Novice: 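Next up is a structure, given as structure tokens.
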Amino acid sequence: MTIDIALWLTQDAITNGAVYALLALALVLVYTVTRVIFVPQGEFISFAALSLATLQAGKVPGTVYLLMAGGALVALIDGVAAIRAAQPRRLIGIVILNIGLPAAVAGAASLAALRPDNLWLQMLVTLAIVTPFGPIIYRLAFQPLAGMSVLVLLIIAVAVHYLLTGLGLVFFGGEGLRSPPLSDFSLHVGVLNITAQSLWVIFSSIVLIFTLWLLFEHTLYGKALRATAINRVGARLVGISAAFAGSLSFTLAALIGAIAGILISPITTIYYDTGFIISLKGFVGAIIGGMVSYPVAAAGALLVGFLESFSSFWWSAFKESIVFTLIIPVLLWRSLTARHVDEEEE
Amino acid sequence: MLKHSLLLASALLASLGCGASAQEITVGVTLGATGPGASLGIHYKNAFQLFPKTLGGHPVKYIILEDATDPANAAKNARKLIAEDKVDVIMGSVSVPSTTQVAQIASEAKTPMIALSPVALPPDKLAWIFVVPQPVPLMMSAVVEHMKTTGVKTVGYVGFSDSWGDLVLKALEQHANPAGIKVVTNERYARADTSVTGQVIKVLAANPDAVVVGGSGTGGALPHVGLVERGYKKQIYHNHGTVNREFIKVGAKAVEGAIAPTGPLIVPEELSADNPIKKVASEFIQRYEQTFGAGSRNAFAGYSYDGFLLLNAGVPGAMAKAKPGTPEFRSALRDAIESAKNVVGAHGIYNITAKDHTGLDNRARVLVQVKEGAWRLMK
């Protein structure tokens with residue numbers, strides 16, 4: 001292996017690792033706040049990438065209709081609850097948030113579909129389509145059972161994953177899609193040919209990670225999330241709503257997933273089921289971080305990127321096996337060193 | 001009293017059951033229109049909507065089950081179709097592992113099967129199995145012949161890390177080695193990979209005269225685009241699994257000039273007028289695109305259709321010997337398909353013999369090339 005090849009592979013590793021790191025952060029965030037191992041995290045990637053590609057083809061993606069249906073369902077459940085609690089005034093807010101907002105997004109989507117050259121508008125609309133799926137999924141699937149064991153929550157997560165993958169197939173078909181890059185510009189540094197898109201991926205990942213850090217360290221909402229992650233009961237005692245914290249963490253996870261999807265859609269072909277594999281690799285990173293540590297999870301995701309890139313050069317047929325086998329020594333080391341806390345004892 | 005009426009009812013039901021199935025042929029189908037093979041399976045399944053209500057002039061019932069491209073599910077479906085629905089013939093499935101599973105069960109149950117994808121079984125295990133698609137070596141021989149005429153000496157291979165990737169590589173080596181063409185790399189990737197940089201660099205380092213991609217559908221675009229992005233300027237070949245319009249949509253300008261073998265049904269307009277396949281292929285493609293949209297043509301729907309045509313040709317002979325729903329009929333149907341001669345399909349002309357249960361020849365393959373964003377016949 002020459003230095004050139006090593007540099008190329010490193011560049012590839014960092015680009016992919018940055019995406020995995022974003023997903024690892026989202027998985028850690030959701031797990032620490034809600035104890036949900038969020039299997040459907042990858043679906044946000046597929047939904048975002050494919051919705052963007054569909055908008056570029058001048059069509060309104062099926063995710064828009066799913067968003068309206070999901071919003072209506074939430075409105076129905078919350079509305080009935082509000083009426084039962086004799087608080088009809090809350091209805092207005094519920095309707096605006098769950099029916100008005102998706103309708104506005106649908107309007108924006110049909111507008112964006114008519115402007116195939118306006119990539120920025122389409123990306124914004126894609127974010128607006130995919131991000132609300134976070135709170136909707138939390139409200140419909142997890143909030144009613146938020147107090148259940150980690151295993152039950154995992155099983156729900158798997159069910160949601162299958163549901164969303166199936167819907168993805170209905171909306172986007174079995175073939176993959178790819179969207180055009182923001183610019184064709186590429187930078188020549190020595191032997192390296194760095195595309196603008198890979199710079200975008202790395203730059204956006206760093207900005208997003210920094211923003212998350214700011215959010216957690218310096219805002220009340222971020223502190224509320226951290227408090228819930230550290231001690232759920234204690235957080236509730238000081239007035240932090242668990243449902244709100246859960247909903248917020250899912251919203252952030254969906255936003256991160258959507259951004260990751262938009263970032264990688266010009267780099268590779270995205271299928272309705274691609275997101276799952278990508279998020280699994282982020283999951284390996286999150287496992288290295290013990291599902292609790294953000295910096296270690298991000299570093300772990302980067303390690304996955306390197307492992308993947310270099311093994312695809314040396315031993316491509318076994319690349320996936322190598323990446324996913326990494327989880328075994330990590331789990332072994334984790335279970336030998338970590339203090340075991342039984343859930344019932346919490 | 002109760003016992004009597006129950007007996008009577010069951011006798012009545014039994015006679016009704018017999019009456020309904022006396023002349024009706026039952027075709028059991030297992031396909032994967034979801035799961036990893038969805039992009040192929042949807043087309044396979046679509047074609048069944050276009051089939052007439054008769055088979056060889058006799059009423060037919062298709063029972064189509066979904067196997068989600070999972071070999072275990074395909075096997076379960078096959079057992080159900082044979083045991084519960086008592087099908088006369090089985091068709092399926094979309095992936096090599098699934099089809100192989102179904103083929104083993106069909107052989108066991110002595111039920112003829114129309115295999116819609118290649119089967120990974122030795123020829124002596126195929127007594128009850130008829131394979132519709134062109135054997136991969138037949139297709140790759142066209143690619144190697146083209147390499148020979150352009151003076152290619154070394155070829156790099158990048159393929160799926162699954163049985164399809166193995167089949168294409170094996171077929172390529174089978175023809176390339178005797179032709180003096182050396183296969184210098186064997187790189188693998190998965191359909192859902194976000195990057196193939198490592199594999200592409202390995203191929204570039206070997207600097208072969210040409211590259212063969214062993215992917216399918218849009219999955220074939222990733223290494224092609226990667227190679228072109230990194231400055232590979234020589235010919236890149238694909239296989240017949242890649243020929244559809246989505247591949248060109250995803251690969252855009254980068255895949256211009258790509259060459260692939262395929263069945264003649266992809267380019268019926270460009271076939272010469274004296275080619276007997278032209279009529280069958282044109283009619284089928286026309287009907288398919290009327291129903292599923294312009295440009296939706298693909299090889300997979302054609303396999304379903306050719307499977308139907310083979311059955312259509314075999315049924316009259318079997319009907320003369322036995323009644324549907326009986327082991328005798330299944331056996332007679334097997335014999336009838338085995339002696340099918342000059343069945344003109346959309347993919348080729350089937351001349352099945354006891355030794356060759358596909359029966360296709362060089363007329364079943366053409367080379368196509370991406371020109372100005374469409375697959376065009378190479379002459």
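None of these values were measured; they are calculated from a predicted model. Numbered from 1 within each chain, the chains take letters A, B, ... in sequence-line order.
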Novice: In terms of heavy-atom proximity below 4.5 Å to chain A, should B:Ser161 be classed as side chain, backbone, both, or neither?
Specialist: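 Side chain only.
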Novice: Provide the closest heavy-atom pair for A:Glu175 versus B:Gly217 in the form atom of the first, atom of the second, distance.
Specialist: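 Result for this residue pair: OE2-CA, 3.6 Å.
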Novice: Would you please go through residues 245-254 of chain B and name the residues with a non-hydrogen atom below 4.5 Å from one of chain A, in numerical order?
Specialist: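 Hits under 4.5 Å: B:Glu246, B:Lys249, B:Val250.
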Novice: Sort A:Glu320 into side chain, backbone, both or neither according to what part of it lies under 4.5 angstrom from a heavy atom of chain B.
Specialist: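 Contact with chain B involves the side chain of A:Glu320 alone.
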Novice: Pick one of side chain, backbone, both or neither for A:Leu177, based on which atoms fall under 4.5 Å of a heavy atom in chain B.
Specialist: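 A:Leu177 touches chain B through backbone and side-chain heavy atoms alike.
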Novice: Could you tell me which portion of A:Tyr20 (side chain, backbone, both or neither) has an atom closer than 4.5 angstrom to a non-hydrogen atom of chain B?
Specialist: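 For A:Tyr20, the side chain is the part near chain B, not the backbone.
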Novice: For the pair A:Arg178 and B:Val225, evaluate side chain to side chain contact (heavy atoms under 4.5 Å, CB included) and give the outcome as yes or no after the intermediate values.
Specialist: CA-CA 11 Å; A:Arg178 193 170 174 149; B:Val225 173; 3.7 Å; yes
Novice: Output yes when a side-chain donor or acceptor of A:Thr268 lies under 3.5 Å from a complementary backbone atom of B:Asp193, and no otherwise.
Specialist: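 Here the side-chain-to-backbone pair exists.
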Novice: Can you name the closest pair of heavy atoms from B:Arg188 and A:Ser316 and give their distance?
Specialist: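 Reported closest heavy-atom pair: N-OG, 2.6 Å.
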Novice: Which answer fits A:Trp314, side chain, backbone, both or neither, if we ask what part of it has an atom under 4.5 Å from a heavy atom of chain B?
Specialist: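 It is the backbone, since no side chain atom gets that close.
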Novice: Does any N or O in the side chain of A:Tyr271 come within less than 3.5 Å of the main-chain N or O of B:Gly219, such that one atom is a donor and the other an acceptor?
Specialist: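 Yes; at least one donor-acceptor contact below 3.5 Å.
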Novice: So which part of B:Arg191 gets closer than 4.5 Å to some heavy atom of chain A, the side chain, the backbone, both or neither?
Specialist: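 B:Arg191 touches chain A through backbone and side-chain heavy atoms alike.
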Novice: Does anything in residues 288-307 of chain B get under 4.5 Å of chain A by heavy atoms, and if so which residues?
Specialist: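 Against chain A, none of the residues of residues 288-307 of chain B fall inside the cut-off of heavy atoms under 4.5 Å.
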Novice: Taking B:Asn186, B:Asn244, B:Val203 one by one, which has the highest count of heavy-atom pairs under 4.5 Å against chain A?
Specialist: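 Heavy-atom pairs under 4.5 Å are most numerous for B:Asn244.
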Novice: Heavy-atom cut-off 4.5 Å, strictly under: side chain, backbone, both or neither for A:Tyr272 against chain B?
Specialist: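 It is the side chain, since no backbone atom gets that close.
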Novice: Between B:Leu204, B:Val200, B:Ile201, which is the residue that forms a side-chain contact (heavy atoms from CB on, under 4.5 Å) with A:Trp8?
Specialist: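 Going through B:Leu204, B:Val200, B:Ile201 one by one, the side-chain contact (heavy atoms from CB on, under 4.5 Å) with A:Trp8 is satisfied by B:Ile201 alone.
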Novice: Checking heavy atoms, do the side chain of A:Ile267, its backbone, both or neither come under 4.5 Å from chain B?
Specialist: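 Interface part for A:Ile267: both.
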